[in-house]
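The structure appears right after this line, and notes come after that.
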Amino acid sequence: MKEVILCKYGEVILKGANRSDFEVKMLKQLRQRARRIGNYKVYYSQSTVYIEPLDEEAIENIDEMTYQAKHVFGFVGVSRAFACEKNMETILQVVKTELAPTLKGYKTFKAEAKRSDKKFPMKSPDISAEVGGAVLSSVPGIKVDVRSPDVVVRVEIRENEAFIHAGQEKGAGGIPYGSSGRGLLLLSGGIDSPVAGFMMAKRGVQLEAIHFESYPYTSERAKEKVLDLAKILTNYTMRLRVHIVSLTKIQELLRDNCEEEYFTLMLRRYMMAISLKLAHDYDCEAIITGESLGQVASQTMKAINVTNSMTDIPIFRPLIGMDKEEIIKISRSIGTFDTSTLPFEDCCTVFTPRHPRTRPELDKVIEQQNRLPFDELVEEAYKTKEIIVVKQFGENKFE
Ligand code: ATP
Ligand code: MG
């Protein structure tokens, strides 16, 4: 049985003059993915994008294509429709044998027909009535409710074929990837930062990522873990450039020259300075972190101020008001949780102070900072940068 995929627009519908820019991006992203899976026609009609398989292989790979469609931001719902010949007999047959089994568990429904082919011999209300009858006779216990049905059975009579579908799965939501400019994600191996990246990507921010390592205090495997997390994010972004910067020298100098209780804060100031430099070099208009207020000592309001005060671009912290439980829920739903919880060290856990400052004063922090040639060390660390392009389809590429 041939099936097509229908993708429903979300808030893009509400966009005024810019709407077509958004639509172009969403179609392009679907087409880029479709090309990787097989021969599909992707087109727009009446607030829905249709993905139609054009050969046997594409029909076979429809599950994979549906998975892809569910990861494109801007669509709120994705459903599958059976495509069949345009005559009432065939349509009713498909409703009874193909659609009916998918309706088990629903208590109420209504049938809705739409004719874009006005030459079709029956009018929409008559088609709806017949389709409704077929559903009633083939789904035990289901009842009609035209006002608030659990599911709507839809039949569309189109130019070449009829499409029959019911219900929909959740799409990725949000607005099209890349429609809000670029942002630099500080990506650690933890639970929070991949979620933060996902959330901003969902709001249209094209991601660039930076990861700080501290080899040999952190292992090669810890770095691979971060690249694995980046790979999972490419389900949504298709590709993600990860910049890896070594903090080893800075951490050793901090250990030897700074008061222990300021250690983490100083490290975060270095991270921020290096990130800012990278953001400027790669046209990122914002920095994104996975910080959540009060989660750890370096995420109190005062501590956040110590890093915040350094930047001239906004820092987006989409998790700031969320509980760990809420963050974990998203982490599971995007598939990063199991990788995030693998036990590898992060540079933040190297030389961790026993009693970190939770209410640091900025002048004290500056005094600590002046013990070392801050700008020079930032420049030097920046030079250690290696770039790995992580792709959804295919191998990672070293640049
Ligand atoms: P996560 O689960 O993201 O690791 P966390 O609770 O461990 O978060 P911290 O270690 O305090 O929090 O880090 C706060 C934020 O700083 C992270 O969410 C991330 O955005 C950034 N960050 C921390 N460590 C690194 C790192 N090694 N490389 C890049 N960014 C980092
Ligand atoms: Mg961390």
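Counting starts at 1 for both ligands and their atoms, following the listed order. Every heavy atom of this structure was used, including side-chain atoms; hydrogens, water molecules and symmetry mates were not.
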Can you find an N or O of [X] that's nearer than 3.5 Å to an N or O of ligand 1?
{"X": "Ser188", "value": "yes"}
{"X": "Pro194", "value": "no"}
{"X": "Gly189", "value": "no"}
{"X": "Phe212", "value": "yes"}
{"X": "Thr289", "value": "no"}

Glu213 near ligand 1, heavy-atom distance under 4.0 Å? no
Cation-aromatic face contact [X]/[Y], 6.0 Å, 45 degrees:
{"X": "Lys385", "Y": "Tyr382", "value": "yes"}
{"X": "Arg158", "Y": "Tyr50", "value": "yes"}
{"X": "Arg332", "Y": "Phe337", "value": "yes"}
{"X": "Lys41", "Y": "Tyr43", "value": "yes"}

Need the ligand 1 atom indices (1-based, order shown) with element for anything under 4.0 Å from a heavy-atom of [X].
{"X": "Gln295", "answer": "5 (P), 6 (O)"}
{"X": "Ile191", "answer": "2 (O)"}
{"X": "Ile210", "answer": "29 (C)"}
{"X": "Gly190", "answer": "1 (P), 2 (O), 4 (O)"}

Sequence neighbours left out, what pairs pass side chain to side chain donor-acceptor pair (under 3.5 Å) with at least one residue falling in residues 389-399? Gln68-Gln392
Please report the shortest heavy-atom distance between Ala201 and Thr237, naming the atom on each side.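 Closest approach of Ala201 to Thr237, heavy atoms only: CB-CG2, 4.4 Å.
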Heavy-atom proximity to atom 17 (C) of ligand 1, best of Gly290, Ser340, Ala209: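 Closest candidate by heavy-atom distance is Gly290.
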Below a 4.0 angstrom heavy-atom separation, can you tell me which part of Val296, side chain or backbone, both or neither, approaches ligand 1?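 Under 4.0 Å from ligand 1, Val296 contributes side-chain atoms alone.
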Distance-only polar pair, side chains of Ser246 and Glu213, donor-acceptor under 3.5 Å: no
Answer yes if the side chains of Asn87 and Thr90 hold a donor-acceptor pair under 3.5 Å, and no otherwise.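 The answer is yes; a qualifying pair exists.
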